[in-house]
Amino acid sequence: MSAPRPLLIPALLDDWFPLLQYAFASDRWEPVLLTEEQGLAGLGLRYFHNELCYPVFLVAGQVLSALNSGKYDPAQCGVLMGQAGDECRGSCGIRLTRKVLDKAGYPEVALLSLNVRGIDRDTGLPITPGTIRRALAAAVWGDTLAILRNQTRPYEAHPGEAEALWRAWMETLGDNIRQGEFLTRRGILARCREMAASFRQIEMVPRPAQRVAIVGEIYTKYCHLGNWNLENYLAAAGCETGVGGVTWYALYYMDSHALKGPLPQRKLYRLLARFLGSVQREMLDVLNEAGFRTLPPLSQMKRQAEGLAPLNCTVADGWLITAEAAAWARLGYRKILCVQPFACLPGHILGKGQYAALQRKLPGARLVSVDYDASTGPGTVESRVRMLLDEELEPDA
């Protein structure tokens with residue numbers, strides 16, 4: 001049997017892909033997370049119209065940069081592209097990227113689509129029960145670790161300890177997923193308890209820290225390339241950052257798409273959502289019992305968003321943006337950064353369109369919208385972030 005071929009995976013979920021990559025491993029493919037960072041947007045813009053959304057340029061640029069490096073044999077490697085499959089223009093990404101690869105001189109590179117909507121069936125990466133089990137563990141463990149690190153890092157007595165522990169757990173859990181260990185429901189939650197206990201051992205000191213939440217479009221919220229290392233910027237400013245995890249996004253996607261498509265597909269989404277929702281609640285119980293704050297379960301967060309967002313708005317991140325912002329404000333994260341990539345049509349219409357009304361309904365909080373684009377300078381973005389950090393809010397009632 002021949003050795004697995006490299007499967008190049010562009011950056012998307014910083015706190016999850018180091019684990020999630022192993023869900024895509026098989027006898028045929030060996031996942032490789034791409035790390036190229038320099039000149040990505042400019043490289044992508046050589047092949048795409050500049051009115052496409054910013055993440056498209058970054059993803060294409062990262063793939064081309066990796067192939068141009070000479071580290072991979074184009075005839076032996078593949079590229080994995082994720083597609084939400086709704087009204088996002090990124091749902092055309094795989095066909096556009098195919099044209100780019102052909103034009104750039106890489107017609108032999110295999111292009112695979114990761115989606116659950118049957119898009120581009122001839123290029124779809126098979127999703128097996130094993131894939132789902134590994135992905136579930138990666139999502140739950142990634143959420144747990146991100147919450148633990150973000151709420152420990154601002155108060156650690158020895159700087160860098162929380163980040164080092166996060167990396168150590170990432171390596172351990174990656175081995176678990178690769179070897180098929182702890183992938184039962186009981187095993188996944190047992191690991192969550194061990195992680196929480198280990199972070200409670202980090203020595204902490206009382207220290208003033210602003211609580212800042214990040215909501216918005218999925219790529220810009222979760223990927224440092226899309227938000228220009230926003231989480232590190234906030235950490236350097238001494239902030240405690242709140243970012244909704246992937247289990248919330250997955251449950252939102254299941255909830256919204258359970259309203260669409262043929263009846264068997266809708267029933268499957270409802271079944272999966274029921275199972276993942278119960279696992280998420282147990283994960284949150286573990287974290288809350290250990291003294292950490294979390295967003296409420298997705299079902300509860302949706303109920304709390306009634307009257308704040310149109311719950312029938314299920315395009316792209318839809319009502320999830322408003323629901324997360326309101327939930328973070330209730331947890332004391334009253335400064336909220338709403339991040340969007342420029343030229344994301346659903347994001348600008350159905351995301352930004354909610355901010356002004358939401359600000360009026362959350363008088364104790366402050367929302368600041370930040371756009372990221374290849375033509376925008378870092379000074380423009382940082383000035384908006386600083387505007388939020390420097391603003392004095394009224395004390396809680």
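Quick note: residue numbers are just sequence positions, from 1.
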For residues 367-376, which residue pairs pass the salt bridge (charged side-chain N to carboxylate O under 4.0 Å, His left out) check, not counting sequence neighbours? Lys352-Asp371
For Tyr355 and Gln340, does a side-chain donor sit closer than 3.5 Å to a side-chain acceptor? yes
Do Arg178 and Tyr22 meet the cation-pi criteria used here (NZ or CZ under 6.0 Å from the six-membered ring centre, within 45° of the axis)? yes
Which heavy atom of Leu43 sits nearest to which heavy atom of Gly61, and what is that distance? CD2-O, 3.4 Å
Sort and list the pairs that fulfil salt bridge (charged side-chain N to carboxylate O under 4.0 Å, His left out) and have at least one residue in residues 5-24, not counting sequence neighbours. Asp15-Arg149
Aromatic ring proximity Tyr222/Trp16, centre distance under 6.0 Å: yes
Can you name the side chain to side chain donor-acceptor pair (under 3.5 Å) partners of Glu282, sequence neighbours left out? Arg185
Just distance, no hydrogens or angles: give the donor-acceptor pairs under 3.5 Å from side chains in residues 324-331, sequence neighbours left out.
from   : atom 1 : to     : atom 2 : distance (Å)
Glu324 : OE1    : Lys221 : NZ     : 3.1
Arg330 : NH1    : Gln304 : OE1    : 3.2
Arg330 : NH2    : Gln304 : O      : 3.2

Please enumerate all residues that pass salt bridge (Lys or Arg N to Asp or Glu O under 4.0 Å) together with Arg293, with sequence neighbours excluded. Glu240
Specify the closest pair of heavy atoms between Pro296 and Leu284, including all atoms of both residues, with the distance to one decimal. C-CD1, 4.0 Å
Looking just at side-chain N and O atoms, do Ser198 and Gln201 make a donor-acceptor pair shorter than 3.5 Å? no
Consider only side-chain N and O atoms of Glu231 and His224, and report whether a donor and an acceptor are under 3.5 Å apart. no
Trp29 ring center near Phe24 ring center (under 6.0 Å): no
Glu391, CD atom: more than 12 neighbouring heavy atoms under 6.0 Å: yes
Under 3.5 Å: donor-acceptor pair, side chain of Arg211, backbone of Lys335: no
Just jot down the side chain to side chain donor-acceptor pair (under 3.5 Å) partners of Glu156, sequence neighbours excluded, or say none. none
Can you confirm whether Gln38 is buried at CD, in the sense that more than 12 heavy atoms of other residues, nucleotides or ligands lie under 6.0 Å from that atom? no
Between the side chains of Asp143 and Thr247, is a donor N or O closer than 3.5 angstrom to an acceptor N or O? yes
Would Trp166 and Phe199 count as a close aromatic pair, with their ring centres under 6.0 Å? no
